[in-house]
2 protein chains.
Amino acid sequence: MATVSRVVNNNPNVKPATRKKVYEAIERLGYRPNAVARGLASKKTTTVGVVIPDISNAMYAEVARGIEDIANMYHYNIILANADKKKDKEIRVINTLLEKQVDGLLFLGAPVTDEHLQAFKTANVPIVLCATTDESGQVPSVDINHESAAYDAVMSLIGQGHKRIAMISGTLQDPANGYARFQGYKRALEASGIPYDDSLVRIGNYRYESGADAMRYFIELSERPTAVFSATDEMAIGAIHAIQDSGLKVPSDFSVISVDNSRMASMVRPQLTTVAQPMYDIGAVSMRLLTKLMKKENVDQSQVVLPHEIVVRQSVGGI
Amino acid sequence: MATVSRVVNNNPNVKPATRKKVYEAIERLGYRPNAVARGLASKKTTTVGVVIPDISNAMYAEVARGIEDIANMYHYNIILANADKKKDKEIRVINTLLEKQVDGLLFLGAPVTDEHLQAFKTANVPIVLCATTDESGQVPSVDINHESAAYDAVMSLIGQGHKRIAMISGTLQDPANGYARFQGYKRALEASGIPYDDSLVRIGNYRYESGADAMRYFIELSERPTAVFSATDEMAIGAIHAIQDSGLKVPSDFSVISVDNSRMASMVRPQLTTVAQPMYDIGAVSMRLLTKLMKKENVDQSQVVLPHEIVVRQSVGGI
DNA sequence: CTGTTAGCGCCTTCAG
DNA sequence: CTGAAGGCGCTAACAG
């Protein structure tokens, strides 16, 4: 019994001949180790839980790939759990994952509320936030600076001579993709001495149609903007099509820029200029951080911010 | 101890007062049941494993949503495992899931090889194939008829007067999205007395660029096709852009039809005519089937085929 | 190097 | 209705 355990767990203290015999028996009997029993006995499951806000969102899928690759590298299994972007489902999912005795947790949902913090606190395994941050700085995280990504995007528009710049925002309740990007937009205007104009901001829901709706609104304006900054690629694509559908052109009539650099950005005409977020890296780095935490290695930097960059394509023109 | 177990598991044989006291103690102590221990003792984990070929594929994400919803309904947890479209990773993932003692397994990868069948056979929990089929009919499955979906698509082109119809196919090694659709294409031509022409078929990799490449090839042909059938939306969109980039128009110069009806289909201009597969339903139905199998209820129909339909938009015109 | 002995935390009889 | 006892399949000391 114990020897079989040693063989299965690659414990070196087994005579090669014995090891071989055990392997043969395993083969012959079709023995499959019971991970549940193992987990109970060893108090480790070598699996980490990943809670994803929305599995059908390509950005998160990319993060997941980064997580996966590093997890495999360190021989952790990962179990993905979808949370439908609902806060209570997130909490529920965190708890089931914890009940399943995962060795660590990666959380991708935003915003991180007090309730989340509460749930995290009761966990006795390390947790790292991935593609999101905890404002209070209590939980390790890996993210980009959404505010400055937005700022850079809008500044690049201003650099092209645009002065009347609209924004298609996400909900301001969403700290990362929503609020922070809106703040970046405002700061860029401010830094350039452009007065902020409420009528130039529409709130969308990150979907294509909401981008198109917002754009149609801007087109109707008596004093039209010359450029629009979208919080996400998908809404930007909706905007581009709304422009084209009404007989106008990108970028000659309107410049469009967004942030995400999803695969879709090159799947429109004109191709979308957008600021790229290193989603894969966010996943990879956060998983790496988690492994360190799980091994109780000490980490110098527990709130890491990855750099972003503008990918210039064809949707922005000068004025 | 036993009473707590009863309370936690909603066993009715507990006096309400006692139940209340237990709940209070649970709250006060911050007790969290250990699912691993529970799984070991009860030999059930109330979780089902889902192996997904490619988490970044929107179609699979949609299937996953269907699975999730039904799983929640029946109080099963689901653990998603990505397999990167690699056969050996699929096998490995199936095995880890089985080691984790899932109560059932949903497998979404294609093709289903003998090795897969072998792995399934050693499982002593029910397995259902989801959005894929086992040719040999040994494993329950829920899928659409890819061959006839392709057939219908091509027939609709022929109905519009097209005679020279190209195809952008997936790899013929892929039985569902690849081979079956190609067969449907051929059968439609045959049924209409149109000779099959090898030079009118290009193999892509389901990605945007490969669709564009294939289309560029067709455009160069001395005898151009008037319509193209793409095995997937994404390749179709690549094709549409290749057409437009070379100054031609859809659908006046080329009609384009595909199968998937992904969300992207309405995110192109012109919007894509495509045959819709009920991905959500495939997920939901297969999960439902799995619950029956797990409860050892008998099922009348273990190989279910869901209907598809053509969604007419703007990318197909008459000749 | 290998076998023996205790649990891991819970569920499940079985008494009471 | 509640407690006691045994055991799920495995790992972790501990002897030998």
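Just so we're on the same page: letters track the sequence lines, and every chain starts at 1. Values below: all heavy atoms of this structure, side chains included; hydrogens, waters and symmetry mates excluded.
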(request) Among D:dT11, C:dG9, C:dC10, find the nucleotide with the atom closest to the side chain of B:Arg38. (result)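 When the side chain of B:Arg38 is considered, C:dC10 is the closest of D:dT11, C:dG9, C:dC10.
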
(request) With the side chain counted from C-beta on, respond yes when A:Val48 and A:Leu290 share a heavy-atom pair under 4.5 Å apart, and no when they do not. (result) yes

(message) Is it the case that the side chain of B:Thr45 and the backbone of B:Gln101 share a donor-acceptor pair, with hydrogens and angles ignored and the cut-off at 3.5 Å?
(response) yes

(request) Verify, without hydrogens or angle tests, whether A:Asp84 (side chain) and A:Lys86 (backbone) share a donor-acceptor contact under 3.5 angstrom. (result) no

(request) May I ask you to decide whether A:Glu234 forms a salt bridge with B:Arg263, counting only side-chain N to carboxylate O separations under 4.0 Å? (result)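 Result for this pair is yes, salt bridge flagged.
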
(request) Please list residues of residues 17-36 of chain A whose heavy atoms come under 4.0 Å from any atom in DNA chain D, ordered by number; otherwise none. (result)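 Within this stretch, A:Tyr31, A:Pro33, A:Asn34 sit under 4.0 Å of the strand.
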
Separation of atom [atom1] in [X] from atom [atom2] in [N], rounded to whole Å:
X: A:Lys100; N: C:dC8; atom1: NZ; atom2: P; answer: 22 Å
X: A:Asn124; N: C:dC8; atom1: CG; atom2: C1'; answer: 15 Å
X: A:Asn13; N: D:dA15; atom1: CG; atom2: C1'; answer: 14 Å
X: A:Asn11; N: D:dT11; atom1: CG; atom2: P; answer: 11 Å
X: B:Lys44; N: C:dC11; atom1: NZ; atom2: C1'; answer: 10 Å
X: A:Lys15; N: C:dT2; atom1: NZ; atom2: P; answer: 5 Å
X: A:Arg6; N: C:dT4; atom1: CZ; atom2: P; answer: 12 Å

(message) Judged by each residue's nearest nucleotide on DNA chain D, which is more toward the 5′ side, B:Leu40 or B:Pro16?
(response)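 Its nearest nucleotide lies further toward 5', so the answer is B:Pro16.
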
(message) Quick check: on DNA chain D, is the nucleotide nearest B:Ser42 upstream (toward 5') of the one nearest B:Ala2, or the reverse? Name the residue that is more 5'.
(response) B:Ala2

(request) Can you label the angle between the B:Phe107 ring and the B:His116 ring as parallel, tilted or perpendicular, going by 30° and 60°? (result) tilted

(request) With sequence neighbours left out, write down each residue that passes side-chain hydrogen bond (donor to acceptor under 3.5 Å, both in side chains) with B:Ser42, or none if nothing qualifies. (result) none

(message) Strictly below 4.0 Å: does A:Thr3 bring a side-chain N or O up to OP1 or OP2 of C:dG3?
(response) yes

(message) If you compare every side-chain N and O of A:Lys43 against the phosphate oxygens of D:dA12 (OP1, OP2), does one of them come in below 4.0 Å?
(response) no

(message) Which residue in the set B:Asp260, B:Thr171, B:Asp174 passes side chain to side chain donor-acceptor pair (under 3.5 Å) when paired with B:Tyr206?
(response) B:Asp174

(message) For A:His146 and A:Gln277: C-alpha separation, side-chain torsions, deciding distance, then whether side chain to side chain contact (heavy atoms under 4.5 Å, CB included) applies.
(response) CA-CA 9 Å; A:His146 296 273; A:Gln277 311 174 76; 3.5 Å; yes

(message) For the helix from C:dC1-D:dG16 to C:dG16-D:dC1, what angle separates the axis at the start from the axis at the finish, each from five pairs, in steps of 10°?
(response) 30°

(message) Could you check whether B:Asn95 and A:Arg32, counting side-chain N and O atoms only, form a donor-acceptor pair closer than 3.5 Å?
(response) yes

